[in-house]
Amino acid sequence: MVGWLSFLNGQRAVQDLSSQLRAELTARIQQELKAYLDNSHSINQLNVDAFTQGELNVDTLNAPRFFHQTKVSPLTYSIYCAGEDGQFLGTTRSPEDGSFMLMTNNASTDQILRFYGLDKLGNRTQLLQTLSNYDPRTRPWYKAAVTVKRPVWSDIYLDFVVLLPTLTASQPVYDSSSRLIGVCATDVLLTDDLRKFLAGLSIGKTGEAFVIDRSGAVVSSSTDEPLTVGEGEAATLLQATESSNTVIRGT
């Protein structure tokens, strides 16, 4: 009986220790995600105020405001605003080498989304890429902000350029007459840096750490398993229940 009671107490102690470890790891992951997401809505508010006051013009081919905001926010992928007539202006960074690009779509570009290189001072350089038939008003981040009429987070989706899990914080812009004049938004790209962080956590010999959205899609994990299935426009996020990793799939 003494041996049996000792076994039960030992088992309970192991379970308690395991629960504490999971809680500590979860808190660390949440803290890391908070660092990724915290500044997005604050950046949008600054740009919404400038848009409303006429200090931000989305019809131009220069975006020094967005360049400097993106530069000082290392976890931010893109910052941009769109007008009700389909104009679009912003900056984005390359997930490969960290270089910055200007994104613009307005009457002067024949309504074609153009990507220009930016030098270290934020000056526009050569044309890098074009995308035809791009209308920001049809994008989920624009529609969501217009629908809820307040700051909002998008669902996690695959960025159409780099096909990496992305979140967008967006906010509608209204003039003094409460008329909608556009939407400002900030993208947060869940890059390999987050995967490296998860992989660096100490979770015993066989443990794994992973993050899923409410639909059950894996948006980051400590494994080297691809996060997407399919290719090109047909690519989607991997569902945790379809993971090749037995720990993730079983959990």
Side-chain angles (χ1 to χ4, degrees), residues 32-33 35-40 42-44 46-47 56 58 60-82 87-106 109 112-136 139-142 153-154 156-170 183-199 211 218-221 224 226-228 230-238:
E32 184 75 5
L33 287 171
Y36 271 79
L37 307 177
D38 256 6
N39 292 330
S40 301
S42 298
I43 292 172
N44 286 343
L46 291 173
N47 293 328
L56 174 60
V58 292
T60 68
L61 291 177
N62 294 291
R65 163 186 292 272
F66 298 136
F67 169 73
H68 292 297
Q69 289 174 343
T70 309
K71 190 175 181 180
V72 300
S73 306
L75 298 178
T76 298
Y77 173 51
S78 304
I79 300 174
Y80 47 89
C81 290
Q87 317 97 308
F88 178 82
L89 182 69
T91 58
T92 185
R93 72 173 77 232
S94 168
E96 297 174 356
D97 59 13
S99 61
F100 296 96
M101 294 180 286
L102 170 72
M103 305 180 293
T104 180
N105 178 44
N106 52 47
T109 67
I112 295 174
L113 179 60
R114 298 185 181 183
F115 293 80
Y116 292 92
L118 293 173
D119 63 20
K120 293 181 179 180
L121 298 177
N123 298 313
R124 180 165 47 93
T125 57
Q126 75 275 16
L127 178 65
L128 301 175
Q129 183 183 359
T130 60
L131 288 174
S132 59
N133 301 321
Y134 178 78
D135 188 341
R139 303 300 297 171
W141 54 267
Y142 194 101
W153 279 107
S154 72
I156 295 176
Y157 62 95
L158 291 177
D159 178 80
F160 70 95
V161 176
V162 295
L163 292 180
L164 286 174
T166 307
L167 284 136
T168 298
S170 58
V183 172
C184 289
T186 299
D187 289 349
V188 178
L189 197 67
L190 301 179
T191 63
D192 285 340
D193 289 340
L194 181 58
R195 299 196 77 173
K196 290 176 182 176
F197 167 78
L198 295 177
V211 180
V218 180
V219 298
S220 194
S221 78
D224 57 3
L227 298 177
T228 60
E231 297 181 356
E233 295 183 358
T236 58
L237 286 168
L238 172 73

message: Is there a side-chain contact (heavy atoms from CB on, under 4.5 Å) between T70 and T92? Walk through the geometry before answering.
response: CA-CA 7 Å; T70 309; T92 185; over 6 Å; no
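- In terms of heavy-atom proximity, F67 sits nearest to K120 at CZ-O, 3.6 Å.
- Between S78 and M103, the shortest heavy-atom contact is CB-CE, 4.2 Å.
- Expressed to the nearest 0.5 Å, how far OG1 of T91 lies from OH of Y77 amounts to 11.0 Å.
- Here D119 pairs with nothing under the salt bridge (charged side-chain N to carboxylate O under 4.0 Å, His left out) rule; sequence neighbours left out.
- Rounded to the nearest 0.5 Å, atoms CD1 (I79) and CG (L89) are 12.0 Å apart.
- Contact detail for L46 and R65: the closest heavy-atom pair is O-NH1, 3.9 Å.
- Here the closest non-hydrogen pair linking L56 and N47 is CD2-O, 3.7 Å.
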side-chain contact (heavy atoms from CB on, under 4.5 Å) assessment of V219 paired with L237: CA-CA 7 Å; V219 298; L237 286 168; 4.2 Å; yes
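- For the residue pair R93 and S73, the shortest heavy atom distance occurs at NH2-O, 3.0 Å.
- Between Y134 and the options Y142, F115, F88, a ring pair (Phe, Tyr, Trp, His ring centres under 6.0 Å) holds for only F88.
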message: Checking E32 against L194 for the side-chain contact (heavy atoms from CB on, under 4.5 Å) test, could you report, in this order, the C-alpha distance in whole Å, the side-chain angles of both residues, the deciding distance, and whether it holds?
response: CA-CA 8 Å; E32 184 75 5; L194 181 58; 3.9 Å; yes
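- For N39, the side-chain contact (heavy atoms from CB on, under 4.5 Å) partners are I43, not counting sequence neighbours.
- Taking SG from C81 and CZ from F66, the interatomic distance works out to 4.0 Å, rounded to the nearest 0.5 Å.
- In this structure, L127 CG and M101 CE are separated by 11.5 Å, a value rounded to the nearest 0.5 Å.
- The two residues L102 and R124 have their closest heavy-atom pair at CD2-CD, 3.4 Å.
- In terms of the side chain to side chain donor-acceptor pair (under 3.5 Å) criterion, residue partners of S94 (sequence neighbours excluded) are, by chain and number, D97.
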- request: Might you work through the side-chain contact (heavy atoms from CB on, under 4.5 Å) test for S40 and W153, ending with a clear yes or no?
  value: CA-CA 10 Å; S40 301; W153 279 107; 3.7 Å; yes
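- In this structure, the separation between OG1 on T125 and CG on L118 is 6.5 Å, given to the nearest 0.5 Å.
- T168 places no side-chain N or O within donor-acceptor distance of the main-chain N or O of D187, the cut-off being under 3.5 Å.
- Atom CG of L238 and atom CG of L227 lie 7.5 Å apart (nearest 0.5 Å).
- Between the side chain of N44 and the backbone N or O of A169, at least one donor-acceptor pair lies under 3.5 Å.
- Classification of the W141-Y80 ring pair by plane angle, with boundaries at 30° and 60°, yields perpendicular.
- Distance alone, capped at 3.5 Å, places no donor-acceptor pair between the N105 side chain and the D135 backbone.
- Looking only at atom types and distance, the side chain of T104 has no donor-acceptor partner in the side chain of T109 under 3.5 Å away.
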